[in-house]
Amino acid sequence: MKGEQLYSGKAKTIYRTEDPSKYISEFRDSLTAFDGKKKSEASKKGYYNAQISKKLFELLESKGIRTHYVRMLSDTEMLVEAVDIIKIEVIPRNIAAGSITRRYPIKEGTVFKKPVMVMDYKSDEYGDPMLNEDIAVALGVATYEEIATIRQIALKVNEILIKYLDERGIALPDFKLEFGRKDGQILVADEISCDTCRFWDKETGKSMDKDIFRFDKGDLTKAYEDVAKRIAPEIFQ
Ligand code: 5GP
């Protein structure tokens, strides 16, 4: 079923399939941060991220949000719709952390009254610089209409995830979404996992995400496993 390798990113590899309308997204154990300057491997990371993404995509689909998720083919391989990726990373922020606290006088942990929506240009070459609507349109990466739709979907996804995670003892300071076009529709694509979200334990405030790797905060696999236990408990039975 797995065809030609189409693309190998920092944590996933995408393959063609016999069906031109579907790809396989394989979650790997590799880790990179700071534009690829820091690299490592963590056993089972790909497995936990794949299972967490599966559950969160299914959750979104159940709430009427279209995603590229089709079904799992194995523990780490996801069958997805072959979308045309829009080169915008959308980052809903609920609690200040990460780059926003470095670039602006905003203290880590500040709770935003309403989500702060940030868009970055998805480009390794340019280091994912921040975008606004006019720059995105000038670059030709999306139309004003598409950006409005993406923003609306991202806000809805944020609401759904905050509630779902809160019920499982996890706070969601921020996360990154990617979108793709397919047959005139916009779908949530890529992954929603410990690599692309900030997850903080509600009780202790401790990181349960890639910040553990970025800032050497402890045992990454153990934290990802803890998130998986709360989101996908069935995989441990
Ligand atoms: P920040 O802008 O603080 O670095 O990131 C904000 C949020 O978006 C974090 O949850 C982070 O994991 C996610 N994010 C932003 N850009 C990227 C990226 O290029 N790769 C990954 N894996 N996550 C990103």
Side-chain angles (χ1 to χ4, degrees), residues 7-14 25-42 45-46 48-50 52-53 56-57 78 85-112 115-132 136 141 150-151 153-155 157-158 160-162 164-165 170-180 188-202 205-217 220 223-224 227 231:
Y7 169 80
S8 189
K10 291 165 199 149
K12 294 191 300 304
T13 306
I14 310 296
S25 174
E26 183 180 26
F27 289 68
R28 305 195 319 266
D29 287 341
S30 51
L31 276 159
T32 71
F34 309 120
D35 293 330
K37 284 182 208 99
K38 185 167 177 174
K39 284 188 193 160
S40 190
E41 292 259 325
K45 184 207 77 136
Y48 292 134
N49 273 349
I52 291 163
S53 275
L56 297 179
F57 281 140
M78 186 180 280
I85 287 284
I86 298 172
K87 288 186 171 296
I88 297 177
E89 297 182 345
V90 182
I91 302 160
R93 295 180 178 273
N94 302 306
I95 306 170
S99 64
I100 201 163
T101 64
R102 292 193 297 272
R103 290 176 181 160
Y104 305 96
I106 303 173
K107 280 208 175 70
E108 180 173 282
T110 305
V111 178
F112 296 119
V116 172
M117 303 297 281
V118 175
M119 290 192 302
D120 287 350
Y121 176 41
K122 185 176 155 62
S123 162
D124 286 340
E125 190 186 349
Y126 288 88
D128 296 352
M130 201 185 279
L131 278 180
N132 66 18
V141 294
I150 284 170
R151 195 185 149 88
I153 300 172
L155 276 167
V157 170
N158 187 40
I160 295 167
L161 292 184
I162 288 175
Y164 181 85
L165 294 164
I170 300 172
L172 181 66
D174 55 44
F175 62 105
K176 175 202 63 148
L177 284 177
E178 292 188 23
F179 294 87
V188 177
D190 195 47
E191 68 185 290
I192 308 176
S193 72
C194 295
D195 274 10
T196 61
C197 302
R198 277 201 171 90
F199 292 142
W200 290 353
D201 182 88
K202 257 174 62 184
K206 279 197 176 148
S207 292
M208 308 172 80
D209 58 60
K210 203 169 125 179
D211 275 351
I212 295 171
F213 168 65
R214 292 188 186 103
F215 307 112
D216 301 313
K217 289 184 175 190
L220 179 126
Y224 281 35
V227 174
I231 292 180

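Numbering of ligands and ligand atoms starts at 1, following listing order. The basis for the numbers below is simple: all heavy atoms, side chains too, and nothing from hydrogens, waters or symmetry mates. It should be emphasised that the depicted structure is a prediction, and the values quoted were computed from it without experimental measurement.
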Could you check whether any side-chain N or O of N49 sits under 3.5 Å from a backbone N or O of S193, counting only pairs where one atom can act as donor and the other as acceptor?
no
Going by atom types only, do D209 and Y224 share a side-chain donor-acceptor pair under 3.5 Å?
no
Heavy atoms under 4.0 Å from ligand 1: which residues qualify?
E89, I91, R93, A97, G98, S99, D128, D174, F175, K176, D195, T196, C197, R198, K210, R214
Under a plain distance cut-off of 3.5 Å, with no hydrogens placed, do D174 and N94 share a side-chain donor-acceptor pair?
no
Verify, without hydrogens or angle tests, whether R28 (side chain) and K12 (backbone) share a donor-acceptor contact under 3.5 angstrom.
yes
Under 3.5 Å donor-acceptor, R198 side chain and M208 backbone
no
Set of side-chain contact (heavy atoms from CB on, under 4.5 Å) partners for E125, sequence neighbours left out
S123
